[in-house]
*Asks:* 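Shown below is the structure under consideration.
Order of the sequence lines fixes the chain letters, A, B, ..., with proteins taken first and strands second; residue numbering starts at 1 for each chain. It should be emphasised that the depicted structure is a prediction, and the values quoted were computed from it without experimental measurement.
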Number of protein chains: 2
Amino acid sequence: MAGGRPRAFDEDAALDRALEVFWRQGYEGTALSDLTAAMGINRPSLYGAFGNKEALFRRVLDRYVDGPGGYSAAALAEPRARDVVARILGGAVELTTDSGHPGCLSVRNAQACGPECEQVRRAVVDRRNAGLAALRARLERARDEGDLPPGADPAALARYVFTVSDGIASQAASDATADELRKVVDLVLAAWPGQGEPSR
Amino acid sequence: MAGGRPRAFDEDAALDRALEVFWRQGYEGTALSDLTAAMGINRPSLYGAFGNKEALFRRVLDRYVDGPGGYSAAALAEPRARDVVARILGGAVELTTDSGHPGCLSVRNAQACGPECEQVRRAVVDRRNAGLAALRARLERARDEGDLPPGADPAALARYVFTVSDGIASQAASDATADELRKVVDLVLAAWPGQGEPSR
DNA sequence: CAAGTTTTTTACCTATCGGTACGTTACTTC
DNA sequence: GAAGTAACGTACCGATAGGTAAAAAACTTG
């Protein structure tokens, strides 16, 4: 029965700005003053709209997984397992070599951190493992459909693909270029099971 | 021309304690109070002996690369390229799934961080890239010696191996077990160039 | 034992951390 | 236009960050 003062900023735009900062500096390396400066709002507005730093990060994480990181879930829809993997790894290269914020928000914040942000780390790890389980299920289906050799191990292959994907993010953070990492992806794809003798 | 009060702690032992903390929490997530508590010394002693937090980390980084991370440089001495890779990746699994401090100090601290520790990050990145260059040189030699097929790309292969190695560290930080990661290593080795038709 | 040197201890520094109290402003509803 | 509501701006909170001043303590050398 009353409206109140309207919000002076766009919530989605503010989240995008926050994403930029968290991506570039990590959760632990980001101060509230960094966030408010980038988002163009002051501290009480941030708390009013998003709760606190941790809750804001979780919102940003959702946004990251659905937005820039969405290629991974989308890749599962490829009809052939090899193309699923090609999209996941190719997408990782494009994502993590994007100038301005090299590396991956998810990979970064799954790493060791101080005790006070262990909960945030766990949230990231849980999401990562959900993605792993989804790829594993997808590769199990592929094997059942004959899209992978009968002897293939979907669990190990899924772990392998995500291992390479994580590694791509780390390498990108260590100045690897997109071209260099695309060659890495090519090596993986050239040896993907079920395509006769590899060329390399 | 005088002795002064003798140091009440062992410098190497203190560095090992500091390594534990930096490994478990990362540079950014480690407070000086964490360090002094673990090292069993008080703050001015730390500054007197090691300079400051950043200088201490650099000492610890040296110690890490020569100690727990020494398997990587040692692996280059293997006579066959495939065994070099097997030792690097196998060593990464053992190192990063060691209970108490999962993950890798080097991988962790090469990731995005706040502005105030960017110099530390660069130091880590530079060391990582030196290791990459060494493996690349080793694989070039292998190709020249016929230990790799003539068409093999040593630079891409070296990057690939380190990508997997980094990925292993990330996965270990996300609760992957040593057994799971050993299967990943097996997949890489099964497809290593120059061994006829792969079995998978 | 006195002088000189270095480490230890205690106590403290400033800056910044994440988070909030409170009064003001801008809007909707009656 | 009065009442109600919610976001805004300013100014602040206690806690902790990395780092240090200064004096007491433990040694070596003469």
Side-chain angles (χ1 to χ4, degrees), chain A residues 1-15 17-19 21-22 24-61 109 112-121 123, chain B residues 1-15 17-19 21-22 24-61 109 112-121 123:
Chain A
M1 37 182 90
R5 178 170 176 171
R7 190 160 278 164
F9 63 93
D10 181 63
E11 197 169 299
D12 284 341
L15 283 172
R17 302 283 188 81
L19 171 56
V21 182
F22 278 132
R24 206 175 331 114
Q25 307 190 0
Y27 178 80
E28 212 166 30
T30 299
L32 274 172
S33 53
D34 296 330
L35 292 167
T36 53
M39 299 165 87
I41 65 180
N42 47 32
R43 214 167 273 237
S45 294
L46 189 155
Y47 279 82
F50 303 107
N52 61 10
K53 185 187 174 186
E54 178 172 340
L56 172 62
F57 180 82
R58 289 173 187 267
R59 289 284 300 273
V60 163
L61 182 59
N109 291 289
C113 62
E116 65 283 348
C117 64
E118 180 62 27
Q119 290 190 6
V120 167
R121 197 184 75 84
Chain B
M1 37 176 92
R5 179 169 174 170
R7 191 159 278 167
F9 62 94
D10 181 62
E11 197 169 297
D12 284 342
L15 283 172
R17 302 282 189 80
L19 171 56
V21 182
F22 279 132
R24 206 176 329 116
Q25 307 190 0
Y27 177 79
E28 210 165 32
T30 299
L32 274 171
S33 53
D34 296 329
L35 292 167
T36 53
M39 298 166 86
I41 64 180
N42 47 31
R43 211 167 276 234
S45 293
L46 189 156
Y47 279 82
F50 303 107
N52 62 9
K53 185 186 173 186
E54 177 172 341
L56 172 61
F57 180 82
R58 290 174 187 265
R59 289 284 300 272
V60 163
L61 182 59
N109 291 289
C113 62
E116 65 282 348
C117 64
E118 181 61 27
Q119 290 190 6
V120 168
R121 197 184 75 83

*Asks:* Rounded to the Å, how far apart are A/Asp34 CG and C/dT16 P?
*Replies:* 12 Å
*Asks:* In this structure, how many angstroms lie between the P atom of D/dT20 and the OH atom of B/Tyr47, rounded?
*Replies:*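 Interatomic distance, OH of B/Tyr47 to P of D/dT20: 7 Å.
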*Asks:* Using atom types as modelled and distance alone, determine if a side-chain donor or acceptor of B/Glu11 lies under 3.5 Å from a backbone N or O of B/Ala49.
*Replies:* no
*Asks:* For nucleotides 9-15 of chain C, tabulate all protein N/O to nucleotide N/O atom pairs closer than 3.5 Å, reporting atom names and distance.
*Replies:*
from, atom 1, to, atom 2, distance (Å)
C/dT9, OP2, B/Asn42, ND2, 2.7

*Asks:* With heavy atoms under 4.0 Å as the rule, sort B/Thr30 into base, sugar-phosphate or nothing.
*Replies:*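 It contacts sugar-phosphate atoms only.
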*Asks:* Between C/dC17 atom P and A/Gln25 atom CD, what is the distance in whole Å?
*Replies:*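 Result: 11 Å.
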*Asks:* Can you work out whether A/Ser33 or A/Gly51 has the more 5'-proximal nearest nucleotide on DNA chain C?
*Replies:* A/Ser33
*Asks:* Between B/Val60 and B/Ala18, which heavy-atom pair has the shortest distance, and what is it?
*Replies:*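 Looking at all heavy atoms of both residues, the shortest contact is CG2-CB, 3.9 Å.
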*Asks:* Rounded to the nearest angstrom, tell me the gap between atom CG in B/Leu35 and atom C1' in D/dA17.
*Replies:*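 Taking CG of B/Leu35 and C1' of D/dA17, I get 12 Å after rounding.
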*Asks:* Say you draw a straight line from CD of A/Glu54 to CD of A/Glu116; how long is it, rounded to the nearest 0.5 Å?
*Replies:*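 Here the interatomic distance stands at 11.0 Å.
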*Asks:* Just the rounded figure in Å: distance from P of D/dA6 to CG of A/Leu46.
*Replies:* 19 Å
*Asks:* Rounded to whole Å, please give me the gap between CZ in B/Arg7 and P in D/dT28.
*Replies:*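 It is 15 Å, rounded to the nearest whole Å.
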*Asks:* Roughly how many Å is it from CZ in A/Phe50 to C1' in C/dG18, rounded to a whole number?
*Replies:* 17 Å
*Asks:* What is the distance from atom CD of B/Glu28 to atom SG of B/Cys113, rounded to the nearest 0.5 Å?
*Replies:*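 Taking CD in B/Glu28 and SG in B/Cys113, the distance rounds to 5.5 Å.
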*Asks:* NZ of B/Lys53 versus C1' of D/dG19: gap in Å, rounded?
*Replies:* 12 Å
*Asks:* How far apart are the C-alpha atoms of A/Arg43 and A/Ser33, what are their side-chain angles, what is the distance that settles it, and do they pass the side chain to side chain contact (heavy atoms under 4.5 Å, CB included) test?
*Replies:* CA-CA 8 Å; A/Arg43 214 167 273 237; A/Ser33 53; 4.0 Å; yes
*Asks:* Between B/Tyr27 and A/Phe9, which residue's closest nucleotide on DNA chain D lies nearer the 5′ terminus?
*Replies:*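 Looking at the nearest nucleotide for each, A/Phe9 comes out on the 5' side.
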*Asks:* Tell me whether the side-chain N/O atoms of A/Asn52 come closer than 4.0 Å to OP1 or OP2 in C/dG18.
*Replies:*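 It does not, given that no N or O in the side chain of A/Asn52 lies less than 4.0 Å from OP1 or OP2 of C/dG18.
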*Asks:* May I ask you to decide if A/Leu35's main-chain N or O and A/Lys53's side chain share a donor-acceptor pair within less than 3.5 Å?
*Replies:*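 Between the backbone of A/Leu35 and the side chain of A/Lys53 there is no qualifying donor-acceptor contact (under 3.5 Å).
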*Asks:* Is the CZ atom of A/Arg17 crowded by more than 12 outside heavy atoms at less than 6.0 Å?
*Replies:*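 No.
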*Asks:* For B/Ala49, answer base if it contacts any base atom (sugar-phosphate contacts may also be present), sugar-phosphate if it contacts only those atoms, and nothing otherwise; contact means non-hydrogen atoms under 4.0 Å.
*Replies:*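 The residue B/Ala49 makes no contact with any strand.
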